[in-house]
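All chains are named by letter (A, B, ...) in the order of the sequence lines, taking the proteins before the strands, and each is independently numbered beginning at 1.
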Protein chains: 2
Amino acid sequence: MKPSVGIRDVAQHAGVSNATVSNVLNRPDVVAPATRQRVLAAIEELGFVRNESARQLRAGRSRVIAYVVLDAANPFFTDVARGVEDAAREAGFSLFLCNSASDGSRERDYLELLHEQRVEGILITPVDTESAGFADRGTPVVLVDRETADGTRCSVAVDDVLGGELAVTHLIENGHTRIAMVGGPLSIQQVRDRREGAVRALTNAGLPADALTFLETRGLQVAEGRGAGERLVGLPSSRRPTAAFCANDLLALGLLQSMTQQGLRVPDDLAVVGYDDIEFAAAAAVPLTSVRQPREQLGRTATRLLLAEHEQDHEHRHVKFQPELVVRASTAVKRST
Amino acid sequence: MKPSVGIRDVAQHAGVSNATVSNVLNRPDVVAPATRQRVLAAIEELGFVRNESARQLRAGRSRVIAYVVLDAANPFFTDVARGVEDAAREAGFSLFLCNSASDGSRERDYLELLHEQRVEGILITPVDTESAGFADRGTPVVLVDRETADGTRCSVAVDDVLGGELAVTHLIENGHTRIAMVGGPLSIQQVRDRREGAVRALTNAGLPADALTFLETRGLQVAEGRGAGERLVGLPSSRRPTAAFCANDLLALGLLQSMTQQGLRVPDDLAVVGYDDIEFAAAAAVPLTSVRQPREQLGRTATRLLLAEHEQDHEHRHVKFQPELVVRASTAVKRST
DNA sequence: CTCAGCCGTTAAAACGTTTCAACATCGAGG
DNA sequence: CCTCGATGTTGAAACGTTTTAACGGCTGAG
């Protein structure tokens, strides 16, 4: 079982040289049909499995790319991953998924491992954009849903400032003048950008900056959204916002649940806008208005950029998508006063 | 940039032999501190990255395991994966995630690749238990959330018959006598088992078998649940069930949404029980009663079994966990008639 | 002063492929 | 009959590590 049959065992068993076996494996057309059959039979009979390490060592190629994802439990990222996987598959590559779970040290470990594995390329949504944690180590790296400060690598992102603006403008148009924004921590670029967009929407509408109540959370999970909901309801009713813009759908779902539990109705007592438009947003009991990002496309595009890095004349590119507001029941028009 | 610095470049640069560099990398304690520093400096300076292919080829070891997951978009599996990852990390292994997306051909491709990569072991929730698609190829394989017909490999599973029984018994105790079961396709073992459990619950309670209306779906997604909801409401009210047991939480969430949209209340008009107890179940606007599986533990246990396969006297083991009913608002006690 | 023993270092042999130049074999064209 | 090109096959040299046994220099005991 363990004596690990190699290419030379196959060769001997088929009465040919190892070079021929290799040819059968890599350029089947170059070897005569008869011999090919004989070799294939031998492979089958001996249960030969090609040793990828040796192959890669010699050939240099790898046929594998990796996506280091920020949070595998967030459907947003699994959707991006689907796009990556599809594009990779079309190009003949396989995809290894690695979950950093927002943990810098895991991220570092995985990057190290992937570099050592000599994968053809790495896609990553990094924990922290600033951290120069991942220096150039020869393996192409493309940032997903993040922008590079410097232009040292390709990136694919979505205009989060615009997204925030769309969301809050929609709320203002629906008659809201006291609006909460839920999200955090502020160390995350996305959260900062989306808040900036929200503020811009207020300014555009001629509303004062303090029309926006910022409720900072410690993360972007459902539980954090629930907590924010309790804080929100605890505010004196004169100052309590009539609408909330959440930095992501998980928060929005938590907020929604919190409202229901406290006997408040969405959108009547509080309108809610989420961000990402994950499937659960549409499937919530009160379907969520949300800012849609082109998730699969994000993944596909990132993958294409990554695979293009091998071209000799490669220039780093930065693609930026436009988000889109999807209106649902959670912000149904407020009854006119 | 491309001239790929190797161990011998480092050696030369530090004025030692390549064996010493290798020792610094693998047994730092055996080399004199002074030389070690010199070598480390050279590594840093040249930006050396160890070539894992060569290492693995020579050393035989791999430090990587893989989990081929059935559906990366289902939170149930990402939770299992978390358990796997934690256990792997503790044992000093890294985890590669592969998503078969319920597609047999993808699954086959990934298995082939992983065997060729000579990963230390493979965890898999297979698309189809019957398919002998993955023969023994020398790499240990452990089944997750599935049982083996034959005892040829380890497996970790949950008692799905019991789970179905728990769910439906709970509904019966709440006074329901017309119950729907939503799930499918029946080619999935889990669905069959859970239905069997449901039937058993009816029998135990002395109810006729036709008290259970089986609504078969084409898959286990949210959208399928919505569709089932419409079918359910379309039934003549005399025969319409007052409670539904869904084969997984995604279906239950879809069903829930469908009810709300059609103006029916949960649990008053229809009680709903899901399965898996994913986070979104508790976070739904009407928190879902669900059958909880020990997800992280499933992953952890499977990983331990996998890593134990290398022991010389290894015997294949089959671990089976008990599920647990978590009661929430979606099945709040029916008002006594 | 010699010798055993220890320590740190090294030369060289693997590991299992791919690849390349060279080599047979054969039929056809001159 | 010789040469040529095409077609299939092969021997041997890489690829970049790890590993083993051997080596030289030093120390302290005899």
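- Atoms CG (B:D9) and C1' (D:dT17) sit 13 Å apart, rounded to a whole Å.
- Between A:T20 and D:dT9, a side-chain N or O to OP1/OP2 separation shorter than 4.0 Å is absent.
- Residue side chain A:R58 does not reach the base of C:dT17 through any donor-acceptor N/O pair under 3.5 Å, judged by distance alone.
- Counting any heavy atom pair closer than 4.0 Å across all strands shown, A:N26 reaches sugar-phosphate atoms only and no base atom.
- Listed nucleotides C:dT19, D:dC15, D:dT17 differ in distance to A:L57; the shortest reach to its side chain belongs to D:dC15.
- If you check D:dT10, D:dT9, C:dT9 against the side chain of B:V31, the one that comes closest is C:dT9.
- Regarding B:N23, its CG atom lies at a distance of 20 Å from the P atom of D:dG16, rounded to whole Å.
- Here B:R55 reaches the OP1 or OP2 of D:dT18: one of its side-chain N or O atoms lies under 4.0 Å away.
- Salt bridge annotation for B:D79-B:R82: present, with a cationic side-chain nitrogen under 4.0 angstrom from a carboxylate oxygen.
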- Task: Just do the side chain to side chain contact (heavy atoms under 4.5 Å, CB included) check on B:V144 and B:I124 with the steps written out, would you?
- Result: CA-CA 6 Å; B:V144 179; B:I124 180 170; over 6 Å; no
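- Residue A:A32 is in sugar-phosphate contact alone, with no base atom involved, counting any heavy-atom pair closer than 4.0 Å across all strands shown.
- For B:Q37 and C:dG8, the CD to P distance is 15 Å, given to the nearest whole Å.
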### Task
Go through the steps to decide whether B:V127 and B:D103 satisfy the test side chain to side chain contact (heavy atoms under 4.5 Å, CB included), and finish with yes or no.
CA-CA 7 Å; B:V127 173; B:D103 174 346; 5.9 Å; no
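- Comparing C:dT19, D:dT17, C:dT17 against the side chain of A:S22 picks out C:dT19 as the nearest.
- Atom CD in B:E116 sits roughly 15 Å away from atom P in C:dG16 (whole-Å rounding).
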* For A:R146 and A:D193, what are the C-alpha separation, side-chain angles and deciding distance, and is it a salt bridge (Lys or Arg N to Asp or Glu O under 4.0 Å)? -> CA-CA 11 Å; A:R146 288 286 189 281; A:D193 285 353; over 6 Å; no
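- Remark: B:T35 is in phosphate contact with C:dT9, judged by side-chain N or O atoms under 4.0 Å from OP1 or OP2.
- Atom-to-atom, CD of A:Q117 to P of D:dG16 comes out at 16 Å; the value is rounded to the nearest Å.
- Here B:R61 lies in heavy-atom contact (under 4.0 Å) with sugar-phosphate atoms only.
- Each of A:D29 and A:A19 has a nearest nucleotide on DNA chain D; the 5'-most of these lies closest to A:D29.
- Applying the 4.0 Å criterion to OP1 and OP2 of D:dT9, one finds that A:S17 has every side-chain N and O outside that range.
- Along DNA chain D, the nucleotide nearest to A:R38 and the one nearest to B:N18 differ in position, and the one closer to the 5' end is contacted by A:R38.
- Per the geometry, CG belonging to B:L46 stands 15 Å off P belonging to D:dG16, to the nearest Å.
- Within the structure, every side-chain polar atom (N or O) of A:N51 is placed at least 4.0 Å from both OP1 and OP2 of C:dT17.
- A:E45 places no side-chain N or O within 3.5 Å of a backbone atom of A:H13 that could act as its donor or acceptor partner.
- Protein atom CD of B:Q56 is 12 Å distant from nucleotide atom C1' of C:dG16, rounded to whole Å.
- If you measure from atom CD of A:Q12 to atom C1' of C:dG16, you get 15 Å, rounded to the nearest angstrom.
- Between the side chain of B:R50 and the main chain of B:R55, no donor-acceptor pair closer than 3.5 Å is present.
- The nucleotide whose nearest atom lies closest to any side-chain atom of B:A59 is, among C:dT18, D:dT18, C:dT10, D:dT18.
- Taking only side-chain atoms of B:R27, from C-beta outward, the nucleotide of C:dG16, D:dT19, C:dT17 with the closest atom is D:dT19.
- Distance from the side chain of B:R50 is smallest to D:dT17 among D:dT17, C:dA11, C:dT17.
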